[in-house]
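See structure below.
Computed from a predicted structure; not experimentally measured. Here is the naming used below: chain letters follow the sequence lines, and residue numbers restart at 1 for every chain.
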Protein chains: 2
Amino acid sequence: MKKTEEYRSKCPLSIALEFIGDKWSLVIVRDLCMGKSKYGDFQNSPEGIPTNILASRLRKLEENGIVIKEPYQDRPVRYAYFLTEKGADLLPILQQLVIWTQKYVPDCLTPPESFFQVTSQDLLRKDKL
Amino acid sequence: MKKTEEYRSKCPLSIALEFIGDKWSLVIVRDLCMGKSKYGDFQNSPEGIPTNILASRLRKLEENGIVIKEPYQDRPVRYAYFLTEKGADLLPILQQLVIWTQKYVPDCLTPPESFFQVTSQDLLRKDKL
DNA sequence: GATAGTTACTTGCTTATTGCAAGTGATGGC
DNA sequence: GCCATCACTTGCAATAAGCAAGTAACTATC
């Protein structure tokens, strides 16, 4: 992992944005929180993430220790993706983002009640939301 | 403001990322929370935001109702920037991002104690952190 | 053995964005 | 008239985003 000298500053907010400050990374983390783990799962999400962006973001999230990939099949070898503890701890951020949008954007969807009750620990036990 | 049909999906998380899912917007919001309001203030931040990016992001934040600009001088006219209520309500998101980074990135800075005690309401009273 | 289907990517290309460095405009001070 | 200040804009090169098609490694079917 990077030394703090390699970030554009030592501010923790600024550092966080170097990890997840783009339009797709937290969408992928959302899908992982919801129990999705394979390529087809992510591609079925309503945003229609381009396949090259999906591959690139999953690789970066894995490099940053937010996601791990585990083979679920041998011939050919194919991988499923899961959140690490570091990744699961992004959940409170997702929850706060949802609260913000629900307050300020009319007509957006409401996640299930469980979404606000689930904790990072729950995700690691692989409970589905 | 956009209708929900104009976002890439109706998911509140996804919508939020269309507003602030980049590496600079929340850094600017951080600076506004800290009481900064003029160009020179933002440019003095440690990340060294390029001036064209600063201008572009402030304009977008204003268009999205997250920031307002008010003239502080007439000749020539010059503007200072402040958070709206919508912008101040991003504070819990900033706080969660900081908690995450402090847990997972060694050697990052620690904000003042007040950062975690301040509320969105406090920001609107223009209390400095 | 050839063909088709499935899943997970990669590739080539176009378009868009990022960001560097310099420049511009409207003032005031000397 | 020149210089300084502050808030941007501009031109351009580099990088990233994303579209659409393609590829690889299997299995199933005929």
Specify the separation, in whole Å, of atom [atom1] of [X] and atom [atom2] of [N].
X	N	atom1	atom2	answer
B:Lys60	C:dA16	NZ	P	14 Å
A:Leu54	D:dA17	CG	P	13 Å
A:Arg8	C:dT18	CZ	P	12 Å
A:Lys23	C:dT17	NZ	C1'	10 Å
A:Asp22	C:dT17	CG	P	15 Å
A:Trp24	D:dA17	CH2	C1'	10 Å
B:Arg75	C:dT27	CZ	C1'	8 Å
B:Glu18	D:dG18	CD	P	10 Å

Only distances under 3.5 Å count here; give the side-chain donor-acceptor pairs of residues 51-60 of chain A to other protein atoms, sequence neighbours excluded, each with its distance to 0.1 Å.
from, atom 1, to, atom 2, distance (Å)
A:Arg57, NE, A:Asp22, OD2, 2.9

In 5'-to-3' order, the base (B), backbone-only (S) or no-contact (-) status of each nucleotide in nucleotides 4-16 of chain D, using a 4.0 angstrom heavy-atom cut-off, is -BBSBBB------
Under 3.5 Å, is there a donor-acceptor pair between the A:Ser14 and B:Lys23 side chains?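 No pair is found: no donor N or O on one side chain lies under 3.5 Å from an acceptor on the other.
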Taking only residues two or more places apart in sequence, or in another chain, which ones meet [X] in a salt bridge (charged side-chain N to carboxylate O under 4.0 Å, His left out)?
X	value
A:Glu62	none
B:Asp31	none
A:Lys103	B:Glu85, B:Asp89

Just distance, no hydrogens or angles: give the donor-acceptor pairs under 3.5 Å from side chains in residues 71-84 of chain A, sequence neighbours left out.
from, atom 1, to, atom 2, distance (Å)
A:Gln73, NE2, A:Pro76, O, 3.1
A:Thr84, OG1, A:Gly65, O, 2.6
A:Thr84, OG1, A:Ile66, O, 3.1
A:Thr84, OG1, A:Lys86, N, 3.4
A:Thr84, OG1, A:Gly87, N, 3.1

